[in-house]
Amino acid sequence: HRRSLPSQVLEMFRKLAIEESPMVRRAAATRLAEICSVLSDAKIRDVMLPLYLHLTQDVEQDSIRVQAIKSSEPILRVGGLTGSDVGSKYQRYITDKSWRVRVAVSESLPAVARGLSSKDDYDKAAELFTSLLSDNESEVRHATAAYSAAIATVLAERSPSFSEWTAEVPYPTVKALVFDESCSNRVELATVLMEHARPLGKAKTVELLLEQGTVALLLEDSPTNLRLAVISKLLLMLEVVGPQSGALLALFVKLADDKNWRIRHAIMLMLPQLASLLPTDDFDTKFVSGTGGFQSRAEDSSALVRCDWVVTVAKIVEAHSKLGYNLSWLKANVVPVLEKLAEKKQNYQLRAVLLHAAAELAKHLKGCGVLEGSLMPKAIEMCGDRVPNLRLLAAQSLGKCGASSTGYLEPAFVTSQVKPALVLLGDDADLLRALRTVELSGLAGGGGAGLDAVRDWGDELSLGEQQRLGFARVLVS
């Protein structure tokens with residue numbers, strides 16, 4: 001419990017922190033912050049501060065100094081960064097002979113800054129960080145740059161003046177490293193560069209990242225992992241500059257149809273968040289309809305993109321039905337796509353998207369006639385397809401949609417259409433052979449099971465059994 005550490009335990013920790021064994025001292029240094037979290041400010045000042053100074057000046061091993069410096073936040077919150085002995089010593093650690101110690105200072109500075117309370121302390125934290133960014137060791141410069149967005153965010157929250165410091169010091173330093181192909185952590189730093197948007201604020205973000213073409217340039221011909229790092233922070237940037245930013249939205253639209261499937265996939269997964277930020281008509285115009293739009297991802301060359309297209313549609317509807325992404329939206333923008341897929345006679349993988357979508361979206365489409373009038377008849381037709389894998393997928397889709405526990409389909413339709421189709425699959429030699437191979441032959445047996453059973457197998461099968469069923473689909477593909 002906070003502030004209730006028994007004095008005997010604290011005394012035991014104090015003795016361990018000054019032990020002769022370096023391993024024990026290092027362990028104590030690692031736990032400094034944790035111990036401080038259950039102590040009063042007075043106890044931190046009287047007991048922990050002397051131990052902190054002892055450990056951060058350990059002459060035997062720099063690893064002890066490193067661990068102690070990482071716990072600086074509670075110590076400096078109590079002691080202060082300026083006008084105190086402990087603060088003065090902390091400042092000198094940026095010139096420690098060990099580069100690992102200097103990196104530890106840069107790692108600790110964001111947390112230290114968060115615990116400070118005076119303008120002088122904030123200025124000193126910025127000064128120390130600036131010095132570390134220009135350290136003579138590349139390891140220190142690169143490691144410090146990785147924490148630049150974190151400390152800039154803390155300082156900008158304390159005082160708007162640090163937005164200008166962010167634009168003049170850490171941002172250009174990190175930008176130079178990201179564009180330096182020899183920099184070993186440029187992918188990580190690309191993420192950090194984008195995270196500067198928050199401390200920079202709207203005006204500076206638009207100027208430095210958008211108008212100067214920084215983001216667009218990084219998204220052009222950079223390695224895929226670096227592009228993905230930038231993309232992962234585009235929503236953060238959109239929050240800062242606002243959904244009215246035509247330049248940023250244009251980047252989203254362009255990337256949504258990128259030749260690299262990993263880029264298309266990453267943008268597609270962001271669509272549920274974009275749907276919440278944009279007016280429905282605007283979202284539909286930019287991201288749903290048109291060549292290369294969201295609808296075309298149902299026919300994507302990547303199986304993962306096609307599969308997650310269905311998941312993304314479901315997330316948009318489930319999260320934002322009150323914004324207009326409801327049954328009417330599905331009927332206008334998704335159902336026609338699925339009906340078109342059913343006509344792809346030469347590509348069973350595209351037709352499989354309809355089966356997946358019907359099962360995932362059935363709860364949103366029930367009662368409107370789309371399932372019984374369009375999607376399920378097409379699924380029933382696929383029960384007789386020459387591709388065994390498609391027949392198995394059709395059986396799964398019909399089983400889930402027709403299960404009485406879900407109530408997605410009209411009972412009369414289940415009796416007259418679904419069950420007869422599944423009965424025909426009950427003697428399917430290809431499917432039975434695949435189920436026996438993965439030791440799921442019981443699913444084709446009696447007792448209410450069988451390939452003609454109308455049940456929601458996703459709820460009834462264990463994860464392991466579902467995985468083996470996936471293997472069965474591979475066997476019949």
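We number each residue from 1, following the sequence as shown.
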Student: Verify whether the ring centers belonging to F129 and Y147 lie closer than 6.0 Å.
Tutor: no
Student: Are any non-hydrogen side-chain atoms of V317 and N326 less than 4.5 angstrom apart?
Tutor: no
Student: I need the minimum non-hydrogen distance between V353 and L338, along with the two atoms involved.
Tutor: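 The answer is O-CD2, 4.4 Å.
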Student: Which atoms form the tightest heavy-atom contact between W261 and L304, and what is the distance?
Tutor: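 That closest heavy-atom pairing would be CZ3-CD2, 3.8 Å.
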Student: What I'd like to find out is whether the side chain of F294 reaches to under 4.5 Å of the side chain of L274, using heavy atoms alone.
Tutor: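 With C-beta onward as the side chain, the pair stays apart.
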Student: May I ask you to say whether R77 pairs ionically with E73, meaning some side-chain N is under 4.0 Å from a carboxylate O?
Tutor: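 A salt bridge links R77 with E73.
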Student: Does K254 pair with D258 as a salt bridge, N-O distance under 4.0 Å?
Tutor: no
Student: Answer yes when E318 and K315 have at least one side-chain N-carboxylate O distance shorter than 4.0 Å, and no when they do not.
Tutor: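 Salt bridge flag = no for K315 with E318.
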Student: Is the side chain of S72 donor-acceptor paired with the backbone N or O of I69 at a distance under 3.5 Å, no angle test?
Tutor: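 Side chain of S72 to backbone of I69: a pair is present.
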Student: Between H356 and A352 (side chain of the first, backbone of the second, donor and acceptor by atom type, cut-off under 3.5 Å), is there such a pair?
Tutor: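 Answer holds: no.
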Student: Is D308 paired with R297 through a side-chain N to carboxylate O contact shorter than 4.0 Å?
Tutor: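 Not counted as a salt bridge, because no side-chain N and carboxylate O are separated by less than 4.0 Å.
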Student: Which atom names give the shortest non-hydrogen contact between G324 and W329, and what distance separates them?
Tutor: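 So the minimum-distance heavy-atom pair works out to O-CB, 3.4 Å.
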Student: Show your working on salt bridge (charged side-chain N to carboxylate O under 4.0 Å, His left out) between R351 and E343 and close with a plain yes or no.
Tutor: CA-CA 8 Å; R351 284 181 286 148; E343 306 305 319; over 6 Å; no
Student: Is the shortest side-chain heavy-atom distance between L210 and T205 below 4.5 Å?
Tutor: no
Student: So which of V414, L393, V418 actually passes side chain to side chain contact (heavy atoms under 4.5 Å, CB included) with L398?
Tutor: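 Only one option passes, and that is V418.
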Student: I need the minimum non-hydrogen distance between R264 and S301, along with the two atoms involved.
Tutor: NH2-OG, 3.5 Å
Student: Checking S159 side chain against A156 main chain: does a donor-acceptor pair fall under 3.5 Å?
Tutor: no
Student: For E195 and A149, work out which heavy atoms get closest and say how close.
Tutor: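 Looks like CB-CB, 3.6 Å.
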Student: Under 4.0 Å between a side-chain nitrogen and a carboxylate oxygen: does that hold for D180 and R186?
Tutor: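 No, no charged N to carboxylate O under 4.0 Å.
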Student: Should L155 and P199 count as side-chain neighbours, where that means a heavy-atom distance under 4.5 Å?
Tutor: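 With C-beta onward as the side chain, the pair stays apart.
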Student: Mark yes or no for whether T30, through its side chain, and R26, through its backbone, hold a donor-acceptor pair below 3.5 Å.
Tutor: yes
Student: Spell out, as yes or no, whether a donor-acceptor pair under 3.5 Å connects the side chain of S108 to the backbone of K70.
Tutor: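 Checking the backbone N and O of K70 against the side chain of S108, no donor-acceptor pair under 3.5 Å is found.
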Student: Are there over 12 heavy-atom neighbours, none belonging to K378, within less than 6.0 Å of that residue's NZ?
Tutor: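 For K378, atom NZ is crowded (more than 12 foreign heavy atoms under 6.0 Å).
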Student: Can you establish whether the number of heavy atoms outside E181 located under 6.0 Å from its atom CD is more than 12?
Tutor: no
Student: Assess whether a salt bridge exists between E157 and R114, defined as any Lys/Arg side-chain N lying under 4.0 Å from an Asp/Glu carboxylate O.
Tutor: no
Student: Around atom NZ of K345, are there more than 12 heavy atoms from other residues, nucleotides or ligands closer than 6.0 Å?
Tutor: yes
Student: Give me the atom names and distance for the closest heavy-atom approach of N225 to V187.
Tutor: O-CG1, 3.8 Å
Student: So does D135 pair up with R102, basic N to acidic O under 4.0 Å?
Tutor: yes
Student: Inspect the contact between E139 and R100 and indicate whether a charged nitrogen and a carboxylate oxygen are less than 4.0 angstrom apart.
Tutor: no
Student: Measuring only between side-chain heavy atoms, which start at C-beta, is P170 closer than 4.5 Å to L133?
Tutor: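 Yes, close enough: below the 4.5 Å cut-off.
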